[in-house]
Each structure stands twice: as structure tokens, then as C-alpha cells.
Asker: 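Below are the C-alpha cells for one structure; questions will follow.
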Amino acid sequence: YEQAFGLKVVRPETVKAVCDRGERLRVETDRAGMFSARGYNIESLTVAPTHDPLLSRLTLVTSGSDAVIDQIVKQSRKLIDVVDVQDLTARKHIEYELALVKLAINADNAAAVVETARRHHGLMLDESDDTRTIQVTGSGMEVSEAIDALQAQAVILEIVRSGVAAIEPGEAVLGVEVFDESVAAA
């Protein structure tokens, strides 16, 4: 973190957790309640099944001081059925998000919207006379930048964002201390 005029400048933190799949909704509700009660801000929350039918993975993006992030991780570990919690922000990780953006189009801005979408690696999903729906993927920051660029070209009618999915590269596996060679061979 950088210090600026005595104020701590914070960046979004990515925290991942694995929980019992049957308890996924309850754990998600408990975590949201924990954040709300303590005044923490959730910027993105993604929960989905994993390769293990008994486990679900939760990826959370939040912001705060080191002490706040530490508290979030500690409180998350106390939730029943949470198998593991890790703060990925300080580690090398792969992060991806998807957004669907529906824009109002007219003859004056149609070409600019298409060019902006291409420049941000967007995919045109739907074209009607008066609208375009574009899929944008990338890191949370890249998706936000693409949305800002599209908004500069046309009126945004609707946005749907998936939330961030994050994973560590290489052999690191959430909830597993040592990489098991027998798993790799399977």
C-alpha cells in the first residue's frame, strides 16, 4: 500500500474460500451478514461449485486497510463449513470477470461503439436496430475500463457483471498444502 498525505490508499483485495457445497447458500448469507454488521464493503462476490461435488468456491473482492483485510480473513475462517481462506492479493494470481453491456445505438455512434468494443476485446452478442449487447472479459480493472470507454460512446441501458473469479497459477491449490502427484496423474 502507498501512503499519501497520511491517508492509506488501498487497492481491492481478492479473498478466496472453499466451503461445504451443501452449505453454500448459508455460508454466503453468513458472510454477507458478517460484512454488513461490520461495515465492510463487498465489491464482488462469486460462489460456484468446484470439481469436488462436496465443495464450492467463493471469491470475494473487497477493500480496506491491512487490519480490515486481516479481520475479514480471520472472521471468514470462523464460519462453519469453511474449509480454507486465502488472501490472493499479495500473491501471483489469475483473475477474470465477465460483463454483458447493453447500449443504446444510433447512426451517429454505432461505428464508434463497435470500434471501442474491438479495442477492449469485446464480443458483439446481439445487434438490433437500436441496441448492441457486448460481452467484455478480463480483470476487474480491464472490465471497468471497457465499460467506461463504451459509456463515453453510447448510453448504457443495462450492465450485468459476473463478479471476479480468481485462481493461483501453477501447483498451488486452495485447501491443499502440498501438491499431490497422484492427483496430477489422474
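A quick note: this is a predicted structure, and the numbers were derived from the prediction, not measured. Throughout, residue positions are numbered sequentially from 1 according to the sequence presented.
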Asker: To the closest 0.5 Å, what do you measure between CG (Leu100) and OG1 (Thr133)?
Answerer: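 One finds 7.5 Å between CG of Leu100 and OG1 of Thr133.
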Asker: So do Thr137 and Tyr96 actually touch side chain to side chain, heavy atoms under 4.5 Å?
Answerer: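 Side-chain contact under 4.5 Å: yes.
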Asker: Got Arg132 and Met124 here, is their nearest side-chain heavy-atom distance under 4.5 Å?
Answerer: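 Counting from C-beta outward, Arg132 and Met124 do come under 4.5 Å.
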Asker: So, applying side-chain hydrogen bond (donor to acceptor under 3.5 Å, both in side chains) with Ser128, which one of Asp126, Thr131, Asp130 is it?
Answerer: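 Among Asp126, Thr131, Asp130, the one that satisfies the side-chain hydrogen bond (donor to acceptor under 3.5 Å, both in side chains) with Ser128 is Thr131.
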Asker: Please say yes or no: joined through hydrophobic side-chain contacts below 4.5 Å, possibly via intermediate residues, are Leu157 and Leu150 part of one cluster?
Answerer: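 No; tracing contacts between hydrophobic side chains, which count when under 4.5 Å, never links both residues.
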Asker: Among Leu103, Ile147, Leu123, which one satisfies side chain to side chain contact (heavy atoms under 4.5 Å, CB included) with Ile134?
Answerer: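 The option that passes is Leu103.
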Asker: Is it true that, when you exclude Met141 itself, more than 12 heavy atoms of the residues, nucleotides or ligands shown sit nearer than 6.0 Å to its CE?
Answerer: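 Counting other residues, nucleotides and ligands, CE of Met141 stays at 12 neighbours or fewer.
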Asker: In this structure, would Val143 and Val101 fall into the same cluster of hydrophobic residues linked by side-chain contacts under 4.5 Å?
Answerer: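 Yes; tracing contacts between hydrophobic side chains, which count when under 4.5 Å, links both residues.
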Asker: On a heavy-atom basis, which atom in Ala154 and which in Ala104 lie closest, and how many Å separate them?
Answerer: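 Heavy atoms only, the tightest pair is CB-O, 3.3 Å.
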Asker: Would a hydrophobic clustering, with Ile, Leu, Val, Met, Phe, Trp and Tyr connected at side-chain separations under 4.5 Å, put Val136 with Ile159?
Answerer: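 Yes, one cluster joins them.
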Asker: Spell out, as yes or no, whether a donor-acceptor pair under 3.5 Å connects the side chain of Glu145 to the backbone of Glu142.
Answerer: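 Side chain of Glu145 to backbone of Glu142: no pair is present.
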Asker: Between Glu97 and Arg161 (salt bridge meaning N to carboxylate O under 4.0 Å), is one present in this structure?
Answerer: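 Looking at Glu97 and Arg161, the cut-off is met.
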Asker: Please answer whether the main-chain N or O of Gln151 pairs with a side-chain N or O of Asp148 as donor and acceptor at a distance below 3.5 Å.
Answerer: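 Between the backbone of Gln151 and the side chain of Asp148 there is no qualifying donor-acceptor contact (under 3.5 Å).
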Asker: Go through Gln135 and Leu98 one step at a time and tell me if the side-chain contact (heavy atoms from CB on, under 4.5 Å) criterion holds.
Answerer: CA-CA 7 Å; Gln135 173 186 298; Leu98 172 135; 3.8 Å; yes
Asker: How far apart are the closest heavy atoms of Ala166 and His93, and which atoms are they?
Answerer: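 Where Ala166 meets His93 most closely, the heavy atoms are CB-CD2, 4.1 Å.
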